[in-house]
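The block underneath contains the structure these notes are about, expressed in structure tokens.
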Amino acid sequence: MQTKLTKLLGIRHPIIQGGMAWIADASLASAVSNAGGLGIISAMNANADWVREEIRKCRTLTDKPFGVNIMLMSPHVEEVAQMVAEEKVPVVTTGAGNPSRFVKMWKEAGIKILPVVASTALAKMVERAGADAVIAEGGESGGHVGDLTTMALVPQVVDAVKIPVVAAGGIGDGRGLVAAFALGACGVQMGTRFLVADECTVSAEYKKKVLAAKDISTMVTGRRLGHPVRAIKNTYMNAYAKMEADSNIPDEQLEQFGVGSLRKAAKEGNADEGCFLAGQIAGMVKRAQPAREIIDEIMAQAEKMMEGVRWDV
Ligand code: TUI
């Protein structure tokens with residue numbers, strides 16, 4: 001199935017793996033790329049040396065294109081942005097901000113740039129700055145979320161820009177991929193479905209929580225500090241929500257409560273103190289599988305649904 005996205009990136013299937021902080025490493029990224037999607041290494045809050053190491057590891061595990069996700073609120077964003085240009089990684093995706101100031105440097109390094117956006121305004125801004133495509137992510141996604149749903153956001157971004165649009169948020173199977181095409185996107189980005197990939201090195205407790213999740217198992221907290229995040233409901237999330245609603249608790253204390261919670265979930269598998277970021281499709285994730293099986297299953301379902309259908313995506 002060739003689309004503008006597969007042609008732009010030189011990949012077999014129009015599926016990008018989300019850049020999940022503390023989770024998306026060389027193991028998962030290389031597995032997704034070897035399966036014909038675009039694997040992504042998350043730079044999260046790590047320094048340039050750590051990310052460079054993962055990039056080099058990934059290169060030993062796959063000869064296919066892969067990418068690095070740069071979280072723009074990272075304290076190390078400047079050095080990581082510079083390093084990916086030096087390493088000439090094939091693709092960069094960005095999140096949680098406006099990457100326009102780095103676009104010229106990345107383009108000069110031959111990098112394909114796909115910023116994640118949650119509004120048409122940012123989509124237009126990054127197009128003007130020179131982005132190759134945008135990933136329009138609705139609030140059904142896990143992690144840092146915008147206000148709009150995927151259903152409302154994607155077609156409006158498609159109308160607002162000329163560059164290709166990838167849909168993200170709430171997509172977990174072949175039906176979601178076909179729905180994304182119907183909205184005018186040329187591919188999808190998925191994170192949550194890949195959490196249970198065999199090659200995903202996240203804690204066993206994290207996988208267990210995703211597999212046990214149902215449709216209403218996630219919630220959003222963090223709006224008070226301006227960084228809303230979606231995660232699986234647990235002791236930590238309920239406690240955060242309570243503190244957030246309590247005006248006697250200062251912002252600093254709330255911020256302090258969040259420190260380390262992603263690592264506790266992803267690395268330590270701390271069921272009660274960890275923040276288990278996941279999207280609303282967690283309830284659709286039924287079993288652990290190799291990344292290749294996940295991608296093949298999604299493509300087979302989508303291709304069956306699209307038999308006889310010809311969309312210019
Ligand atoms: O970035 C994500 N998902 C993430 S980042 C992350 S790490 C984190 N941890 C705690 C607090 C905050 C972040 C975990 N998950 N997705 C892409 C995304 N970007 N969603 C929404 C946005 C976004 C929101 C506002 C992009 C830009 C923006 O404002 C742009 C501006 O003008 O600055």
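Start at 1 and go down the list; that is how both ligands and their atoms are numbered.
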Just to confirm my output: which protein heavy-atom neighbour is closest to [atom], and how far is it?
atom                    : value
atom 19 (N) of ligand 1 : A96 N, 3.0 Å
atom 10 (C) of ligand 1 : V229 CG1, 4.1 Å
atom 25 (C) of ligand 1 : H144 NE2, 4.5 Å
atom 8 (C) of ligand 1  : M71 CE, 4.3 Å
atom 9 (N) of ligand 1  : L262 CD1, 4.1 Å

Polar side-chain atom of [X] near backbone of [Y] as donor-acceptor pair, under 3.5 Å:
X    : Y    : value
E199 : A291 : yes
S33  : P65  : yes
E140 : T150 : yes
D25  : L28  : yes

Next on the checklist: Can you tell me how the ring of Y240 sits relative to the ring of F257, calling it parallel under 30°, perpendicular over 60° and tilted otherwise?
Outcome noted: tilted
Item to check | CA sep, side-chain torsions, deciding dist, call: V134, E127, side chain to side chain contact (heavy atoms under 4.5 Å, CB included) | outcome: CA-CA 8 Å; V134 287; E127 176 181 54; 5.9 Å; no
State the atoms of ligand 1, each with its element, that fall below the 4.0 Å cut-off from a heavy-atom position in [X].
X    : result
M73  : 12 (C), 13 (C)
V116 : 17 (C), 18 (C)
L122 : 26 (C), 27 (C), 30 (C)
G95  : 1 (O), 17 (C)

Next on the checklist: Polar contacts were defined as any N/O atom of the residue lying under 3.5 Å from an N/O atom of the ligand; does this apply to E137 and ligand 1?
Outcome noted: yes
Next on the checklist: Side chain or backbone, does G97 bring an N or O within less than 3.5 Å of an N or O on ligand 1?
Outcome noted: no
Checklist entry - Between N45, T93, N98, V145, which one has a non-hydrogen atom sitting closest to atom 31 (C) of ligand 1? => result N98
Item to check | Qualifying side-chain hydrogen bond (donor to acceptor under 3.5 Å, both in side chains) pairs, either residue in residues 161-174, two or more places apart | outcome: D173-R175
Item to check | CZ (R224) with more than 12 external heavy atoms under 6.0 Å | outcome: yes
